[in-house]
Amino acid sequence: MQSKPLLIISVFFLLFISACSKDPAEKYNSYMEKANELKEYKIVYKMEMSAFKVFGLGEMRIGLFKKNDNEKSVVEASVMGQSITASVYNVNGKMIVCSKDPFNPDGKPVCAKDKTNEFSQILDYTTITSNMEPGNTEVSSIGNGEYIGKKCDKFSIDIKNISILLNMSDQQSMLSSSSDLNSIKTRIEVCIDRKTGLGLYIKMYSFSKSELEDNDVENEILSMTATSFADKVDDSIFILPVKYGILGSACDNKEIIAVVDPYADMASDSKINVMGDSFSKKISNVMPLNNKNFQKGKISIVQASLPENNPPYPSYEICLGDDCQNLPCAFGVSVNCIKKSNDKQTCESDKGCIYSDGLCKQFSCYDLKDKGACNSKNCYWDESYGIGQCADTSCYNFKTQNECESSDLTCGWYESQGYTSCNPKSCYDFTVRELCESSNLKCEWKEDPGYPGYCNQKNCLGLSTKESCESSDLNCKWLSDQYGSYCTI
């Protein structure tokens, strides 16, 4: 039988523990504060994202590095059996993503600013947990655990409104194809290292109803398990592999233009090398640039006239001092717009251009992120996949026959086997010659020997003589080069 003094001591001990124990949310938040105060560490996780396995995403490893104000994250993943490595550097509050060509793993990485920060956010689990607001989450203590030799406390966090917690379209799409994110029941389980406040295990999942089960079915979204930890990090980890990034480039038959974002001050010669092709890497011509001084964080436009003796399939390389990088020659990108990248006002005064993240480029509805701006530009705000995004207005947007046939676009309402849809009209829809030739779709009636007549779409390549090519209403051009003479756009 337990003695009376010992019983009294036991009761006082229990009362003392009860008085000192924290509310689970307070305890969890104190761990978050402890993690934010860490000055130096490296932690590596094995991460699994069930929603992306269908796209061939295999094992993923994530490393988080911090030393004072320097931060870096590294992702190593396997996609369809192909290894991919990307690093994210925090430079003066801007996230710079550097990645290597998976087909040339020994080549120099290509770096660019993470314009939306979505890539950076998905790397760090604190993006999920740090957005918790009072009243939106319920935190419970569910025991303790141990990972990589470290003791940790387990918490379960039930989330009432997931749309408050998530600011990333990619994460939203992992949860549901429904636009009503508020209805999704979501839970996060974490095991927090008692010493550092870092998460050693994180699991996020949602629940859905099932006709086969009495209880809600658990659907795992992602899980992260720590595999190693170090409290010392070498300074060399945070050195950027390049001195500048290329925001964009464009070329035509006369010149090539690039918009350069310097990550450091540079005073050096600059040039663009014309390579024979992407395989031989033999330099056939070198074009010096007028730019000599590049200022950190100040966008610079570099351009050069292309030589008349350009090889048939050239590739290009830009060099600022001794830092050389591949320079894409993006045909179809507006040269006129990209030249205005150093002046936002001049760019936006051109209705055919749009300014986004330091780059002036050809206008596209997909670059508009705000619903109001999207609708004001005669674009279409699409929420069909649960994620609002701006898209070009097309026949497929119209859900009723009246909307379809009364639109300014050339649309047709189609019914087949109980299904209805609004699709673009095409020349092949016409089965009568008169309707074909009188349409505004630039159609022509063709009659091939042995076959019934049909309505065909006119195209430049179908014009075999110079006279028919240049007199066409398709704005065709007659060209003669090493491939022969032909009609083209």
Side-chain angles (χ1 to χ4, degrees), residues 21-36 38 41 43-53 57 59-64 73 75 121-168 170-176 181-210 213-229:
S21 63
K22 292 184 177 180
D23 172 79
E26 285 184 33
K27 187 176 181 181
Y28 180 85
N29 288 332
S30 69
Y31 277 137
M32 292 295 97
E33 291 174 5
K34 182 180 289 189
N36 289 333
L38 286 177
Y41 67 87
I43 187 166
V44 178
Y45 295 95
K46 177 183 177 182
M47 184 175 185
E48 294 185 359
M49 303 176 75
S50 302
F52 287 110
K53 286 183 178 179
L57 178 63
E59 182 176 301
M60 181 186 297
R61 291 168 58 82
I62 293 178
L64 306 177
S73 305
V75 177
Q121 288 174 333
I122 206 169
L123 293 172
D124 192 345
Y125 81 97
T126 56
T127 300
I128 298 173
T129 56
S130 63
N131 288 340
M132 292 195 305
E133 295 185 3
N136 187 46
T137 55
E138 183 177 332
V139 182
S140 304
S141 294
I142 56 174
N144 50 63
E146 182 176 339
Y147 293 88
I148 55 173
K150 292 179 173 293
K151 303 288 185 181
C152 55
D153 290 332
K154 288 184 177 181
F155 297 88
S156 174
I157 306 166
D158 286 323
I159 304 156
K160 299 176 183 177
N161 186 345
I162 191 66
S163 63
I164 295 177
L165 196 68
L166 297 179
N167 297 316
M168 294 173 288
D170 285 344
Q171 287 186 345
Q172 289 178 6
S173 64
M174 285 191 289
L175 290 170
S176 172
L181 291 175
N182 299 347
S183 64
I184 302 172
K185 183 181 177 182
T186 312
R187 179 174 294 164
I188 299 174
E189 291 182 3
V190 294
C191 201
I192 306 295
D193 178 24
R194 294 171 181 172
K195 183 177 180 180
T196 64
L198 292 171
L200 301 180
Y201 175 77
I202 305 101
K203 179 182 177 182
M204 184 177 184
Y205 51 94
S206 61
F207 296 92
S208 61
K209 299 289 184 182
S210 171
E213 303 290 343
D214 294 332
N215 299 319
D216 290 346
V217 176
E218 179 182 306
N219 305 301
E220 182 176 310
I221 299 168
L222 63 85
S223 66
M224 297 172 64
T225 307
T227 58
S228 66
F229 175 84

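All values derive from a computational prediction rather than experimental measurement.
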Kindly give the heavy-atom pair with the smallest separation between A226 and I148, and that separation in Å.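 Closest approach of A226 to I148: O-CG2, 3.5 Å.
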
Please report the shortest heavy-atom distance between K154 and C191, naming the atom on each side.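 Between these two residues, the closest heavy atoms are CG-SG, 3.5 Å.
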
Under 4.5 Å between any side-chain heavy atoms of [X] and [Y], yes or no?
| X | Y | answer |
| --- | --- | --- |
| I192 | L200 | no |
| L222 | M47 | yes |
| Y205 | N219 | no |
| I62 | V44 | no |
| T196 | Y31 | no |
| P24 | S141 | yes |
| I188 | M204 | yes |

What's the spacing between [X] [atom1] and [Y] [atom2] if we round to 0.5 Å?
| X | Y | atom1 | atom2 | answer |
| --- | --- | --- | --- | --- |
| E146 | D193 | CD | CG | 10.5 Å |
| C152 | K195 | SG | NZ | 14.5 Å |
| R61 | M224 | CZ | CE | 11.5 Å |
| T227 | I43 | OG1 | CD1 | 8.5 Å |
| I142 | S156 | CD1 | OG | 5.0 Å |

Restricting to side-chain hydrogen bond (donor to acceptor under 3.5 Å, both in side chains), what partner residues turn up for R194, sequence neighbours left out?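 Testing R194 for side-chain hydrogen bond (donor to acceptor under 3.5 Å, both in side chains), a comparison that skips the adjacent residues, returns D153.
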
Does K203 make a cation-pi contact with Y201, if we ask for NZ or CZ under 6.0 Å from the ring centre and within 45° of the axis?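 Not satisfied by the 6.0 Å and 45° rule.
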
Mind telling me whether F155 and Y28 have parallel, tilted or perpendicular rings, with 30° and 60° as the class edges?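 The rings of Y28 and F155 stand perpendicular, inter-plane angle above 60°.
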
Could you walk me through whether M60 and V75 pass the side-chain contact (heavy atoms from CB on, under 4.5 Å) test, one step at a time? CA-CA 7 Å; M60 181 186 297; V75 177; 4.0 Å; yes

Taking Y45 for its side chain and G199 for its backbone only, find out whether a donor-acceptor pair lies under 3.5 Å.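 Indeed, once roles are kept as given, a pair shorter than 3.5 Å links the two residues.
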
Applying the side-chain contact (heavy atoms from CB on, under 4.5 Å) test to V139, which of D158, N29, I157 qualifies?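 Considering D158, N29, I157, a side-chain contact (heavy atoms from CB on, under 4.5 Å) with V139 is found only for I157.
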
